[in-house]
2 protein chains.
Amino acid sequence: MEKCDVCGAQCLHKLCMHKVPIFSSLSQDDLTHIASIIRHKKYQKGETLFSEGNRPDALVIVNEGSVKAFKITSDGREQILYVFSEGDFFGERNLFGRQVSAYTVEALEPVKTCSFTKESFHELLHAYPEIAIKIIEELEERISRMESALQSMGVRSIDNRISALLLDFAEKYGTSVPDGTLIHLPLSREGMANYLGVARETVSRKLGLLENEGIIRSNGNKSILLLDRSMLEASAGKSADF
Amino acid sequence: MEKCDVCGAQCLHKLCMHKVPIFSSLSQDDLTHIASIIRHKKYQKGETLFSEGNRPDALVIVNEGSVKAFKITSDGREQILYVFSEGDFFGERNLFGRQVSAYTVEALEPVKTCSFTKESFHELLHAYPEIAIKIIEELEERISRMESALQSMGVRSIDNRISALLLDFAEKYGTSVPDGTLIHLPLSREGMANYLGVARETVSRKLGLLENEGIIRSNGNKSILLLDRSMLEASAGKSADF
DNA sequence: GTATTTCTGTGATTGCAATCAAATTTTTAT
DNA sequence: ATAAAAATTTGATTGCAATCACAGAAATAC
């Protein structure tokens, strides 16, 4: 196991705990105790963490990299539901209900995860009931985001949805550069299409339009430079007809 | 206040508690104690329980009737996110985070509710930590349903979505009759359109098609008789081209 | 660095659902 | 019961995005 220069081997364990709000209310001592029951795993790009219909019994926290969670629709398309990255967690559903996984989770790039087994997580919950409250808050947050997604899918304008997606990515995967915000895209064009539920060609065309309007600058397939955030916000939230 | 023949006035209070799984793990004594801190309210059809942007500080349980929760989209349409009916709860988000209500809730018919204030609910949570787990389970359930909704919105076929909605309603609002399942619709055609994010006319046309195919029989504007459930299931889940 | 493969962009066409415009049914009020 | 209002259905037209087809670009392998 690698060692950390600052705090020794333990630090690796604590890393993921410090990234999730779930544990934010706990003391350093408690965290140290928890660290001992965490399992670590690595995955390569394209590797499947678990599949729809599986019965995974662990809470998984993304410590590095990003993953997509998707279902296969009745017409064979891949519908992406979430892109989870550093600090996000998933798999918690299978720790409470006895449900089977609702989606497949696949690494979008090399990924490191921390996970709790069902048993150790329940012990944890028993020892620190305040964690349950934190989880509720986190789930509410997630529901909020899904409500917005549902709302924007209900909106017929595809322009809105593309713009909203770019803003989302800008917040999560963007870094400030002199000209604007450089977004390192977690998804390919096809991935974005599968996230939005539109055709791949439509994403290309819409991004082309935004580029012509000087709102974004495409930078290869892996990143996009957001030049005019306010224009994008206007196109994401306001009327679609100008 | 009305009296109950079986158990006296108390029973009215307990009613809503028995309808929500949140309290299913508590003893009768605990329930009796909780009953004393519940507030009751009545609303008429069309009345607003609270509005998007409000800061309601109560957990509300629907005891009778049904409500819709909606947002107004950027293009002015009403996007319905949920139809809550007997046993469902909402408003919990404002008890944990300090967030403002994400949607407007309006009565679809005469409605009776039970509610806890923020303070009394937190006392409750403190006294019975297992309630937090129940809430998590309930939220996971809700997330599951939203994931399905998102997935089916990603599916381009509108037929699928209409069929899925009818099956949903059949389960929640249907009663068995000799010819099939009689669905008492909580939403008007326009409401269904706003739920699905399509035009009102499209809902009419699609229902018309289903009626021609002998799958349903429209019965005024308030109810639909589902004749052939398996055909509807096929059209909801399978390929859209037959 | 070249070849191969995978991914992306662009044009042409088609199809489905939105919109506009009445007509008709259903509900509500008196 | 009748009138008025509201909701729904139906038809005609339009527009946008899916699909098909292929050219070009980028990433990967060798």
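Order of the sequence lines sets the chain letters (A, B, ...), proteins ahead of strands, with each chain counted from 1.
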Does a nitrogen or oxygen in the side chain of A/K206 sit under 4.0 Å from OP1 or OP2 of D/dC16?
-> no
Please, which pairs that meet salt bridge (charged side-chain N to carboxylate O under 4.0 Å, His left out) have at least one residue in residues 61-72 of chain A, sequence neighbours excluded?
-> A/E64-A/K112, A/K68-A/E78
Looking at residues at least two apart in the chain, or sitting in another chain, which of them share a salt bridge (charged side-chain N to carboxylate O under 4.0 Å, His left out) with A/R77?
-> none
Scan for side-chain hydrogen bond (donor to acceptor under 3.5 Å, both in side chains) pairs involving residues 162-188 of chain B, sequence neighbours excluded, and state none if there are none.
-> B/S85-B/Y173, B/D88-B/K172, B/S163-B/S235, B/T181-B/R229
Under the salt bridge (charged side-chain N to carboxylate O under 4.0 Å, His left out) rule, collect the residues that match up with A/E138, sequence neighbours excluded.
-> none
Taken to the nearest whole Å, CG/A/N219 to C1'/C/dC7 is 16 Å
Could I get the full list of ring-ring contact (aromatic ring centres under 6.0 Å, His included) partners for A/F84, not counting sequence neighbours?
-> A/Y82, A/F90
For A/Q79, does its backbone N or O pair with a side-chain atom of B/Q151 as donor and acceptor, under 3.5 Å?
-> no
Expected string for nucleotides 19-30 of chain C under the B/S/- scheme (protein heavy atoms, under 4.0 Å, primed atoms plus P, OP1, OP2 as sugar-phosphate) is BB-----SS---
Residues which pass side-chain contact (heavy atoms from CB on, under 4.5 Å) with A/D57, listed by chain and number, not counting sequence neighbours = A/K118
When the distance from CD of A/E78 to P of C/dC7 is rounded to whole Å, what number comes out?
-> 12 Å
To the nearest 10 degrees, the angle between the two end axes of the helix from C/dG1-D/dC30 to C/dT30-D/dA1 (five pairs per end) comes to 60°
Enumerate donor-acceptor pairs with a distance under 3.5 Å from any side-chain N or O in residues 45-54 of chain A to protein atoms, sequence neighbours excluded.
from  : atom 1 : to    : atom 2 : distance (Å)
A/E47 : OE1    : A/Q44 : N      : 2.6

What does A/V198 touch in the nucleic acid at a heavy-atom separation under 4.0 angstrom: a base, only the sugar-phosphate, or nothing?
-> sugar-phosphate
Scan for side-chain hydrogen bond (donor to acceptor under 3.5 Å, both in side chains) pairs involving residues 207-217 of chain B, sequence neighbours excluded, and state none if there are none.
-> none
Atom pair distance, as rounded to whole Å: CG in A/L196 and P in D/dA17 | 12 Å
What residues 185-195 of chain B contributes to the DNA chain D interface at heavy-atom separation below 4.0 Å is B/S188, B/R189, B/E190
The salt bridge (charged side-chain N to carboxylate O under 4.0 Å, His left out) partners of B/E86 (sequence neighbours excluded) come to B/K19
Between D/dC16 (C1') and A/L209 (CG): distance, integer Å | 12 Å
